[in-house]
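What follows is a short report on a single structure.
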Protein chains: 2
Amino acid sequence: MIEIKTIEFARPLAGSAGNAVYAELKRQIVNLELPPGTPLSEKEVSVAFNVSRTPVRESFVRLAQEDLVLVLPQRGTRVSLIDPEMVLEAQFMREQLERAVVRLACRDFPEDLLAELNRNLALQKECVQRHDTRRMFELDEAFHRILFEGCRKLGTWSVIQQMNANLNRSRILWLSTDPQWTPLYEQHRDMYEAIVRRDEAKADRIMQEHLSLSIANLPVLQKKFPNYFK
Amino acid sequence: MIEIKTIEFARPLAGSAGNAVYAELKRQIVNLELPPGTPLSEKEVSVAFNVSRTPVRESFVRLAQEDLVLVLPQRGTRVSLIDPEMVLEAQFMREQLERAVVRLACRDFPEDLLAELNRNLALQKECVQRHDTRRMFELDEAFHRILFEGCRKLGTWSVIQQMNANLNRSRILWLSTDPQWTPLYEQHRDMYEAIVRRDEAKADRIMQEHLSLSIANLPVLQKKFPNYFK
DNA sequence: AGTTCCATGCTACCATACAAGTATGGTAGT
DNA sequence: ACTACCATACTTGTATGGTAGCATGGAACT
């Protein structure tokens, strides 16, 4: 039996039912509330969300396109297992793109967003002290997002986000086991300073080290959660 | 009235009907057989393909996710216009990733695929003489694909392909107006030689120049086909 | 005991009917 | 002539019934 929290239809329009189901399922999948391997059936989900099978099926199609679920014709649908190979490739892509962006940021970055980075850093510092893992994860994402925004590469960021669903799941796993945020905060801070000083080489180097941390212990995660990986 | 070629259902299984409709629509869109802005209705397409609305709708959902069509609720669906902003970003992403890959290729590349690159180059040379634009386009894609394959980054390649649907449409436009393949062939050849000689810097530089050609005349295309762009 | 076969219940897939929102053209009123 | 209104014919969104394919378990046979 699957446990799926029903959607809040209180607000008159969170888009169509299909969108709502899609968004909620995706959220639960990347948060590992629906662990990899969980069987999903159109019917069960439809009764859980109190909609018909059509919008559920629609959401399955979209999730399948992002490799978040695996549809086996006439057999069933399951939350897809995390493919370590894909995690590594996603890491590769993200590294190349983020390094390029941070180099761009050193050449030109708007003042207001620079200030926003600074505010973000202050919040991060607080979270590190409070050990607020959840919030820190959000701030981390926001920090990188602002970098892309400042370089007018938000489309690139959204592509990364979409493609990185698998990488994100492993990152969620990671923070559930080893929440050492202090070095990450320091790297963010150093990156900020490098951008201010327009030191491309240094910013590039820090970003490289920074992102390599995310998957440093992928093998450890595989051994700790063998059922979640392919 | 829309003209859509009916699918060949001769072979018993080209996947599900939904997949078939999706694949065929996508092909026609990226080939500009369905120009940007063309209105598509679920009903019309369903009768054209001789299936019900359900699989058509399914394909619309997938195409919308790739920004190839634009669905306006209760109003209609159209082949999406090409967004120049997105074309530039796609170009940016592709440049970063391909340069990184070609540098990797200089460090390590399997012998058999190196031979395949060589065969590909020979075919390109023929096509340049024959002015076989269509085939040359395929060979160009294959050449770059082999690079990713040799670096074990095929997942990255497929992501690029998906994301680059818009970029590809503008590239198709481009070759319809200015089919000068000779310099492209020479760049491919020089890249091959740089890989063989493990000259990372040179390979990187050539790739950069090579990819910049694709969008050098984007503004020209915009003026020539204003209806196709956003 | 071990193997083959088939009934049963499951799944995703597809077709169809209905609902709800939107653009359009004609009409009545000013 | 112009404007406001409304019937109508579209559109996408949703619900539901039926179909074909697959897994499972039990029965029949060797």
Side-chain angles (χ1 to χ4, degrees), chain A residues 1-2 4 6-25 29 34 36-81, chain B residues 1-2 4 6-9 11-25 29 34 37-81:
Chain A
M1 185 53 188
I2 316 172
I4 297 181
T6 56
I7 309 176
E8 277 301 325
F9 280 113
R11 43 187 176 178
L13 191 63
S16 63
N19 276 326
V21 173
Y22 163 75
E24 178 61 12
L25 277 182
I29 291 176
L34 289 173
T38 306
L40 298 175
S41 90
E42 291 180 359
K43 189 165 189 175
E44 275 193 65
V45 176
S46 70
V47 301
F49 282 88
N50 198 28
V51 295
S52 80
R53 301 200 313 273
T54 304
V56 173
R57 177 176 174 72
E58 185 178 306
S59 70
F60 279 15
V61 168
R62 296 172 68 181
L63 293 170
Q65 188 127 335
E66 304 180 44
D67 275 319
L68 285 178
V69 305
L70 184 63
V71 178
L72 300 93
Q74 291 14 323
R75 308 212 304 152
T77 302
R78 307 179 303 156
V79 178
S80 68
L81 300 179
Chain B
M1 183 53 191
I2 316 171
I4 296 180
T6 56
I7 310 176
E8 277 299 327
F9 279 114
R11 43 188 176 178
L13 192 61
S16 63
N19 275 326
V21 173
Y22 163 75
E24 178 62 11
L25 277 183
I29 291 175
L34 291 173
T38 306
L40 297 175
S41 94
E42 293 179 357
K43 185 160 189 175
E44 274 193 67
V45 176
S46 70
V47 301
F49 282 88
N50 197 29
V51 294
S52 82
R53 273 184 51 211
T54 304
V56 172
R57 179 172 174 74
E58 182 179 308
S59 69
F60 278 18
V61 168
R62 296 172 67 181
L63 293 170
Q65 188 122 333
E66 303 180 44
D67 275 318
L68 285 177
V69 305
L70 184 65
V71 178
L72 300 94
Q74 278 38 315
R75 308 198 339 145
T77 301
R78 307 180 303 157
V79 177
S80 68
L81 300 179

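Chain naming here is simple, since letters A, B, ... match the order of the sequence lines and numbering starts at 1 in each. Keep in mind that the numbers below use all heavy atoms, side chains included, and drop hydrogens, waters and symmetry copies. This structure is a prediction, so every number in the text was calculated from the model and none was measured.
In this structure, the nucleotide among C:dA15, C:dC14, D:dA15 sitting nearest to the side chain of B:V51 is C:dA15. Distances were taken from every side-chain heavy atom of B:R53 (C-beta onward) to each of C:dC13, D:dA23, C:dC18; the shortest belongs to C:dC18. Out of C:dA12, D:dA15, D:dC22, the shortest distance to the side chain of A:T54 is found at D:dA15. If you check C:dA12, D:dC22, C:dA15 against the side chain of A:T77, the one that comes closest is C:dA12. Of all nucleotides listed (C:dA12, D:dT12, C:dC14), C:dC14 comes nearest to the side chain of B:E58. Here the nucleotide nearest the side chain of A:S41, chosen from D:dC22, C:dA15, C:dA12, is C:dA12. When distances run from any side-chain atom of A:P55 to the nucleotides C:dA12, C:dC14, D:dA15, the shortest one goes to D:dA15. Of the candidate nucleotides C:dA12, D:dT11, C:dC14, C:dA12 has the atom lying nearest to any side-chain atom of A:P73.
One can place CG of B:N50 at 13 Å from C1' of C:dC14, the figure rounded to the nearest angstrom. Atom CD of A:E42 is separated from atom P of D:dA15 by 13 Å (rounded to the nearest Å). For A:N19 and D:dT12, the CG to P distance is 15 Å, given to the nearest whole Å. Put simply, CZ on A:R62 is 10 Å from P on D:dG13, counting in whole angstrom units. Rounded to an integer number of Å, the gap from B:L63 CG to D:dT12 C1' is 16 Å. Atom CG in A:L72 sits about 10 Å away from atom C1' in C:dA12, given to the nearest Å. Spacing between atom CZ of B:F60 and atom P of D:dG13 amounts to 10 Å, rounded to whole angstrom units. Rounded to whole angstrom, the span from the CD atom of B:Q74 across to the P atom of D:dT11 amounts to 12 Å.
Projected onto DNA chain D by closest heavy-atom contact, A:R75 and B:K43 fall at different nucleotides, the more 5' of which corresponds to B:K43.
Summarising the geometry of B:V21 relative to B:S59, their closest heavy-atom pair is CG1-OG, 3.5 Å, with the distance given to 0.1 Å.
With hydrogens and angles left out, the side chain of A:R57 and the base of D:dG13 share no donor-acceptor pair within 3.5 Å.
Using a 4.5 Å cut-off on side-chain heavy atoms (C-beta onward), A:I29 and A:E66 make no contact. Looking at heavy atoms from C-beta onward, A:V47 lies out of side-chain contact with A:R53 at the 4.5 angstrom threshold. Here the side chains of B:F60 and A:E58 are not in contact, with every heavy-atom distance at 4.5 Å or above.
Taking only side-chain nitrogens and oxygens, A:S52 comes nearer than 4.0 Å to OP1 or OP2 of D:dA15.
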Residues 71-81 of chain A side chain polar contacts: donor-acceptor under 3.5 Å, at least two apart:
residue : atom : partner : partner atom : Å
A:S80   : OG   : A:D67   : O            : 2.7
A:S80   : OG   : A:L68   : O            : 3.2
A:S80   : OG   : A:R169  : NH2          : 3.2

